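Below is one structure, written out as structure tokens; the observations come after it.
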Amino acid sequence: MHDLAFFRANLDAIGERISTRGMTLDRTQFRELDSKRRAAVTEAETLRARRNAESQQISKLKKQGLDTTGQQANVRGIGDHIAALEEQVKALEDEFRTLMAGIPNLPHESVPVGHSSEDNAEVRRRGTPPAFSFEPKAHWDLGPELGILDFERAAKVTGARFAVYWGLGARLERALINFMLDVHTREHGYTEVLPPFLINSASLFGTGQLPKFAADVFKCENFDFWLAPTAEVPVTNLYRDETLDADKLPINLCAYTPCFRSEAGSYGKDVRGIIRQHQFQKVELVKFTRAGQSYDELEKLTADAEDILNRLGLPFRTVILCTGDLGFSSAKTYDVEVWLPGQNAFREISSCSNFEAFQARRAGIRAKSGQGKAEYAHTLNGSGLAVGRTWVAIVENYQQSDGSVIIPEALRTYVDAERITPRGEMR
RNA sequence: GGAGAGGUGGCUGAGUGGUCGAAAGCAGCGGUUUGCUAAACCGUCGUAGGGGCAUUAAACCUCUACCGGGGGUUCGAAUCCCCCCCUCUCCGCCA
């Protein structure tokens with residue numbers, strides 16, 4: 001959500017910047033709706049002022065014991081008029097709010113202009129993809145062969161796009177969660193939180209999933225509860241409608257949660273394996289900062305995510321998303337992409353974004369220093385990392401010619417094994 | 001799930017139909033006093049939106065809305081009625 005006064009004053013510049021995202025801002029529509037809305041508000045308020053004044057008169061007359069039947073009928077007439085006007089105002093404000101709520105954030109000036117993911121720019125690359133003396137397998141073959149990944153039974157229990165992890169497969173997932181949380185809390189300065197996995201509509205509005213992207217989120221019947229699509233939602237909304245002490249920022253939080261996404265519109269995409277599931281596990285990093293420090297913190301956040309891959313010895317590259325590929329709420333995003341031998345490609349494993357005040361304005365997250373005026377905080381988040389995709393990266397990058405998988409050094413104490421062998425534990 | 005008690009400004013807490021945006025206290029801010037600290041005293045102190053406004057912004061004036069949320073009654077609602085949400089206590093049930 002944009003600041004209204006700023007938006008009005010800089011409409012043309014904003015419209016042009018937004019067009020780099022491949023979206024057209026109808027400035028004429030905005031101006032017309034805004035002035036129509038304001039005219040209606042002014043009219044309704046003028047009438048209300050009149051009603052209040054005349055009501056006071058009635059009060060005075062009554063105290064003098066005078067008859068006020070005529071005045072009362074008159075004010076009742078004003079009241080009816082107000083009621084009719086209020087309906088107009090409400091309709092216009094709803095329309096206006098929907099319009100404003102659907103306008104994406106402005107890309108930061110450092111974001112390259114482009115149309116699609118092809119225009120994203122690589123900013124760095126670490127590690128070397130492993131050389132295999134055999135044809136490396138994809139995890140959707142390796143997993144079942146190792147007896148650690150089971151799609152058939154998941155489909156029976158729930159449906160497509162779900163998986164069951166067995167034995168060391170399940171333990172590898174859990175080990176990754178613990179490893180990531182330990183590194184972030186002990187070495188990167190984050191505080192661990194464990195939030196609710198169901199969130200309400202107000203929270204989804206705060207981070208920008210609602211109203212535009214309701215179709216991507218699972219909704220509970222008969223409750224205003226939704227399954228969290230990412231820990232970004234519950235964790236960012238922890239401070240909704242609060243004013244933070246600016247001198248104590250940044251606040252760095254990390255959280256493990258399962259994430260649930262309907263994946264509407266992704267039919268036929270990544271149908272094999274666990275790259276794109278309705279449920280996946282993620283460790284998320286969230287920062288609340290002052291306005292002036294958010295871009296430095298974005299660099300740190302991204303480095304914190306990359307550090308996990310470094311420690312696991314997984315090759316990756318980091319790209320900066322171009323204007324056309326940027327998410328709705330984000331001003332600047334780095335995607336960290338891990339190398340997957342089974343697909344012979346880099347695949348997104350973390351997405352680190354600075355939302356500036358865009359979410360804070362929606363969610364009412366302010367920061368105030370001493371006697372200073374409260375300002376909107378800046379919010380950031382990034383995966384640190386997507387656990388399922390890290391699982392895939394380990395299985396595919398560390399596969400051996402005999403079909404086994406070596407556990408990376410950093411993870412051994414967590415998995416309590418050095419290797420996953422094809423015998424398997426699935427029954 | 002059942003019974004009861006609550007939800008008012010940064011906090012505590014009064015207010016049960018008519019200048020109530022809301023008493024009082026605390027905290028905050030400005031000032032007087034003061035060797036320093038403290039105290040005392042005086043003043044000030046919510047948020048959002050509209051209009052005045054014209055080239056932006058600030059300041060100022062003014063109006064409107066906001067006493068958990070949404071409806072209703074009334075000339076007029078923090079106050080009365082209905083629905084919902086949240087918190088606390090007890091019972092039941094469960095992990």
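Fair warning: this is a prediction, and the values are worked out from it, not measured in the lab. Letters A, B, ... are given to chains in the order of the sequence lines, protein chains preceding strands, and every chain is numbered from 1.
Contact annotation: side chain of A/Glu54 to base of B/G76, donor-acceptor pair absent below 3.5 Å.
Atom CZ of A/Arg361 and atom P of B/A48 are 13 Å apart (whole Å). If you take CZ of A/Arg97 and C1' of B/A48, they are 12 Å apart, rounded to a whole angstrom. Regarding A/Leu85, its CG atom lies at a distance of 14 Å from the C1' atom of B/G50, rounded to whole Å. Rounded to whole Å, atom C1' of B/C86 lies 14 Å from atom CG of A/Asp241. Following rounding to the nearest Å, A/Lys90 (NZ) and B/G69 (C1') show an atom-to-atom distance of 13 Å. When the P atom of B/A57 is taken as reference, atom CZ of A/Phe7 falls 15 Å away, rounded to whole Å. Atom CG of A/Leu47 is separated from atom P of B/C75 by 17 Å (rounded to the nearest Å). Rounded to an integer number of Å, the gap from CZ of A/Arg240 to C1' of B/C85 is 13 Å.
Not one side-chain nitrogen or oxygen of A/Asn200 sits closer than 4.0 Å to the OP1 or OP2 atom of B/C85. At the phosphate of B/C63, neither OP1 nor OP2 sits under 4.0 Å from any side-chain N or O atom of A/Asn52. A sub-4.0 Å separation between OP1 or OP2 of B/C63 and a side-chain N or O of A/Arg48 is absent.
Within the nucleic acid shown, A/Arg50 has no heavy atom closer than 4.0 Å to any nucleic acid atom. Residue A/Asp224 is classed as having no contact, given no heavy-atom separation below 4.0 Å to the nucleic acid. A/Lys60 comes within 4.0 angstrom of nothing in the nucleic acid, heavy atoms only.
Here, B/C20 and B/A78 have their P atoms 12 Å apart, quoted to the whole Å. B/U44 and B/A57 have their P atoms separated by 30 Å, with the value rounded to a whole Å. Comparing the same atom, P, in B/A5 and in B/C83 gives a spacing of 15 Å after rounding to whole Å.
You'll find that the side chain of A/Ser59 is closest to B/G18, out of B/G76, B/G18, B/G50. Residue A/Thr42 has its side chain nearest to B/G51 when only B/C75, B/G51, B/U64 are considered. Listed nucleotides: B/G76, B/G49, B/A65. Nearest to the side chain of A/Arg37: B/G49. Of the candidate nucleotides B/C75, B/U64, B/G50, B/G50 has the atom lying nearest to any side-chain atom of A/Arg38. For A/Arg51, whose side chain is taken as the heavy atoms from C-beta onward, the closest listed nucleotide among B/C63, B/U19, B/A65 is B/A65. Side-chain atoms of A/Arg8 lie closest to B/G50 of the nucleotides B/G76, B/G18, B/G50.
Here the side chains of A/Gln279 and A/Phe218 are not in contact, with every heavy-atom distance at 4.5 Å or above.
No more than 12 heavy atoms of other residues, nucleotides or ligands sit less than 6.0 Å from atom CD of A/Glu87.
Residues A/Asn105 and A/Ser330 have side chains that never bring a donor and an acceptor to within less than 3.5 angstrom of each other.
Using a 4.0 Å cut-off on heavy atoms, the residues of residues 72-82 of chain A that approach RNA chain B are A/Gln72, A/Val75, A/Arg76, listed by number.
Between A/Arg48 and A/Glu86, at least one side-chain nitrogen of the basic residue sits less than 4.0 Å from a carboxylate oxygen of the acidic one, meeting the salt-bridge criterion. No salt bridge links A/Asp34 with A/Arg27; every basic N to acidic carboxylate O contact stays at or beyond 4.0 Å. Under the 4.0 Å criterion applied to side-chain N and carboxylate O atoms, A/Glu263 and A/Arg276 are assigned as salt-bridge partners. A salt bridge links A/Arg97 and A/Asp94; the closest N-O separation between the charged side-chain nitrogens and carboxylate oxygens is under 4.0 Å. One finds no salt bridge joining A/Asp304 and A/Lys300 here, because no Lys/Arg side-chain nitrogen approaches an Asp/Glu carboxylate oxygen to under 4.0 Å.
Residues A/Met100 and A/His2 come closest through the heavy atom pair CE-O, 4.2 Å. The shortest non-hydrogen separation linking A/Arg21 to A/Leu326 is NH2-O, 3.0 Å.
Consecutive pairing runs in RNA chain B reach the stem threshold at B:1-7 with B:85-91, B:10-12 with B:24-26, B:28-32 with B:40-44, B:46-52 with B:60-66, B:68-72 with B:80-84, where a stem means at least three Watson-Crick or G-U wobble pairs with distances under 3.5 Å.
Against the 90° criterion about 0, the sugar-base torsion of B/A48 places it in the anti range.
Between A/Ser55 and A/Arg366, it is A/Arg366 whose nearest contact on RNA chain B lies nearer the 5' terminus.
Residues satisfying the side chain to side chain donor-acceptor pair (under 3.5 Å) test with A/Ser294, not counting sequence neighbours, are A/Asn354, A/His378.
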